[in-house]
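The figures here come from the full heavy-atom set of this structure, side chains too, leaving out hydrogens, waters and symmetry mates.
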Amino acid sequence: NTHRPAITTQRSSSSSSSIDENLSGTNKGNDRQLDDDHPPCKRPRFMMSSKDPHGQEQKATTAANSLKEDVDIVERNGIQFVRKDIVRVLSQALNELGYKMSAKSLQDESGVIQESEYVGKMKEQVYSHQWVEAINTMDEIQFNCSEGKQYCEFMLWREMYIELVAAGNSVEALKILRTKITPISPSRKVVGKLSKHLFSATLSAPSLLQTQQSVVEDTQRTESDWDTQGNTQATCDETQTQTQTQMHTQASSVYSAVDSQLSSVCDGDDGGVSEEDESDTGQVVPSSYNQLLQMIENHICSSQIVPTGRLFSLLSQAVELQMQTCLCPPSDVVSASLVTNHFCKNEDFPTVVAHTLDYFVSRHMEVWNIEFNHKGTQLAVSGEASVVLVYDTTMFEVQHELQHESSIRTLDWSYDDNYLLTCSDGQRDILIFNAETGEVAHTISTSEPNAIACFVPHKQKITYSYAHIREVYFVRFDGSEFHEDVTLPTASVQLRYTPDGKKLVYSGQDRKVHVYTFSTEEDKELLSASSMITSLSLNEAGTHALINTGAQVVKLVDINTGELVRDYTGHVQGRFSIRSTFAGAHEHLIVSGSEDGKVYVWQREQGTILKVIDEHFGPCNDVAWHPTKSMLASCGDDGTVVIYVATPSKCVSRLGALCTEHTSVVGNHTNGTSVANVDGDGWNASLQQQNENRNNHNDNDDGDADDEEENDER
């Protein structure tokens, strides 16, 4: 008995060991059974031991990846940005704004450098005139393509060559020309021109200054010569090619700056130029070197350098994007706010009817053409009637009634606004009226009827032709010829001069738009349309043409390149002559009439419809934008000319002549004009009167059985 407890204890110990083993085995089996048979919600969960090295490694990897994502990527509005790029752009912007210490602190705190060490080293070498060292440093810089690097080397060798020529070191300059410039020069012509000026420099410094201008002109051809080497350009992708093209267009400013520096050196100056900038290290350097470096950086990979002005470029793009959906952008783009988004109220665009000119309504005649003069002081109106009405744009009262024998085909104001030219159907005379008196100042008799004509810019001369012959004639106001007749490839329907008078843009019977250049006597086709061209207008600069076609498309064409910039659709045009025009303070809008009686307004850059104005009962034939005010005019087959302004509150400031200091002009029907009150009930009463007039006009038209026949005839 005395041993039983011990035995029992021993057995208990032994039993508990075996039991533990059995339980352990049972638990393991149960574990497997639970894992296999029980649903996922009842499976036992075990915590990984903190001492497990694999668990630690897994946790560390997950945390590192998470941290890396948080540090490297910044996501806003579904767009991911690289954090390092943001820091680099901000750092560069701070440097450009003059906050150099803040830029340095940002780089120190973030551990991100703005540009690579070798790019900064090359810049300092350029500022210090260490051309050879700068070219050697380029070997450590990554470029977009090998041709870009070769071009940059050529530019630096050229800078060194010019300095040697200016210093009179002809031997070294000749050595650089032979051993460095010639092997990488795009053509022998460039080398020949550079060598010619080297020998001119050995004769006298003044001869160098006289011939240096031709160095600039000849070397500017370097970029186009470089592009002829197709085998080298094949290695660059499309983006790099566009970048290089952009850089080439900036070359002329650099050459001019270098030449001004060269002139100062030869004249005995200290070698400085009038404009100076400060480098990142505080060193004052000529601005020409900054321009040179801006050209070079366009070829360097973005991982090595941030393009100059990158932040301001992005801000400008953001502001421009906001303005693309705006009817009335601010007149000064520089004053656009960066703190708040640009917002344009619809009231700022002229959509409110201020005047309805209904001279033709009582005569049941259509209005086909309207045109403001260049100063915006007069509005000419013509159409089916044998009369041209000239309104003043202050009260919109009739100033002159210019009588003709038949309906009017052509209206054109002289560039000084002293004369108005008209051509009428079936007549052989081109009439030139004095805009102030309304009297016929000159009559030019033509050999054929139905002439089309326009003024030559800034001269008392006109150009005219006919729709059935190919010749174009050039005469003075007295009828004498000042230029030989020009035979065009096709008979012209509409004639338009560019503002400088160097090109004549015309639409022909062949459904094409051409441009004729007088200096080269070259005729170039701009556009071929699938239907008849009914309208041709040019922008203020004379760089783009706006063309209406019968295929319900308004086309914008670049006159210099012949490129189709954009199509504008949504309006209705198939049977009648509908016209369009440029509009807005910066010509950022396109406005056109439509056969459904509406005025359509498009955003010029995007081609989206921003506004549709419905004021005519019948086709809206023509539109005109006031050259100095926010004012729009339209005319139509209903015989009305509608003048649109901004909201009443805006009209007081934009149409000051309509308002007095204390009171507004009450709208009365005078001389075929319905004038709207600017304020309150008077405005509404005027609109009501206009609607009543239109309803009466519709009632009269209901009994006219010949309307459809007249439309078909037109």
Side-chain angles (χ1 to χ4, degrees), residues 350-373 376 378-393 396-402 404 407-413 420 422 424-425 494 534-537 546 548 554 571-573 575-583 590-601 611-627 631-645 671-676 690 693-694 697-698 701 707 710-711 714:
T351 57
V352 178
V353 178
H355 307 273
T356 298
L357 315 179
D358 51 8
Y359 177 93
F360 293 87
V361 172
S362 59
R363 294 162 176 79
H364 298 281
M365 291 186 175
E366 303 169 357
V367 184
W368 297 339
N369 300 305
I370 53 175
E371 187 172 348
F372 287 104
N373 64 0
Q378 291 178 307
L379 174 68
V381 179
S382 69
E384 191 177 5
S386 58
V387 62
V388 176
L389 300 181
V390 179
Y391 292 88
D392 77 283
T393 57
F396 281 94
E397 296 180 348
V398 177
Q399 283 186 332
H400 309 299
E401 294 187 19
L402 311 180
H404 293 71
S407 58
I408 312 303
R409 296 173 56 89
T410 303
L411 283 179
D412 192 34
W413 290 97
L420 177 64
T422 63
S424 53
D425 281 333
Q494 299 177 80
T534 63
S535 173
L536 173 63
S537 59
L546 195 62
N548 275 62
V554 181
H571 67 301
V572 180
Q573 180 179 1
R575 300 173 58 195
F576 305 140
S577 294
I578 304 297
R579 298 175 176 85
S580 59
T581 187
F582 294 89
I590 302 297
V591 182
S592 176
S594 178
E595 291 182 9
D596 59 2
K598 300 176 182 178
V599 176
Y600 287 80
V601 183
K611 198 75 176 177
V612 178
I613 308 172
D614 188 4
E615 288 294 337
H616 289 280
F617 300 98
C620 175
N621 299 318
D622 196 4
V623 290
W625 182 265
H626 195 284
M631 180 185 294
L632 178 66
S634 66
C635 66
D637 282 2
D638 58 1
T640 62
V641 177
V642 183
I643 307 298
Y644 309 90
V645 295
N671 291 333
T673 306
S674 179
V675 182
Q690 294 171 14
N693 292 339
R694 293 184 183 181
H697 172 61
N698 286 342
D701 287 346
D707 278 354
E710 292 178 0
N711 288 338
R714 182 186 169 202

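Checked by atom type and distance alone, the side chain of Arg579 never pairs as donor or acceptor with a backbone atom of Ala624 at under 3.5 Å. Not one N or O on the side chain of Trp625 forms a donor-acceptor pair closer than 3.5 Å with the backbone of Thr581. A donor-acceptor distance shorter than 3.5 angstrom exists from the side chain of Glu595 to the backbone of Arg575, with no hydrogens or angles considered. In terms of modelled atom types and a separation under 3.5 Å, the side chain of Ser594 and the main chain of Val572 share a donor-acceptor contact. Panel note: side chain Asn373, backbone Gln378; a donor-acceptor pair is recorded below 3.5 Å. The backbone N or O of Gly376 lies less than 3.5 Å from a partner atom in the side chain of His626, making a donor-acceptor pair.
In this structure, the separation between CZ on Phe372 and OG1 on Thr393 is 6.5 Å, given to the nearest 0.5 Å. Within the model, atoms CD1 of Ile370 and CG of Asp622 stand 5.0 Å from one another, a figure rounded to the nearest 0.5 Å. Between the OH atom of Tyr600 and the NE2 atom of His571 there is a distance of 8.5 Å, given to the nearest 0.5 Å.
For the residue pair Thr422 and Leu411, the shortest heavy atom distance occurs at CG2-CD2, 3.7 Å. Pairing each heavy atom of Asn548 with each of Ser592, the nearest pair is ND2-OG, 3.4 Å. Of all the heavy atoms in Leu546 and Ser580, the pair that sits closest is CD2-OG, 3.4 Å.
At least one side-chain heavy atom of Glu401 sits under 4.5 Å from a side-chain heavy atom of Tyr359. When side chains are defined from C-beta on, Phe360 does not count as touching Cys635, because their heavy atoms never get closer than 4.5 Å. Counting heavy atoms from C-beta outward, Asn621 and Asp637 have side chains that approach closer than 4.5 Å.
Under 3.5 Å, the side chains of Asp358 and Thr356 contain no donor-acceptor pair of N or O atoms. Side-chain contact of Gln573 with Thr534: a donor-acceptor pair under 3.5 Å is present, judged by distance alone.
Remark: of the listed residues Asp425, Val381, Val388, Val387, Val388 is the sole one forming a side chain to side chain contact (heavy atoms under 4.5 Å, CB included) with Ile408.
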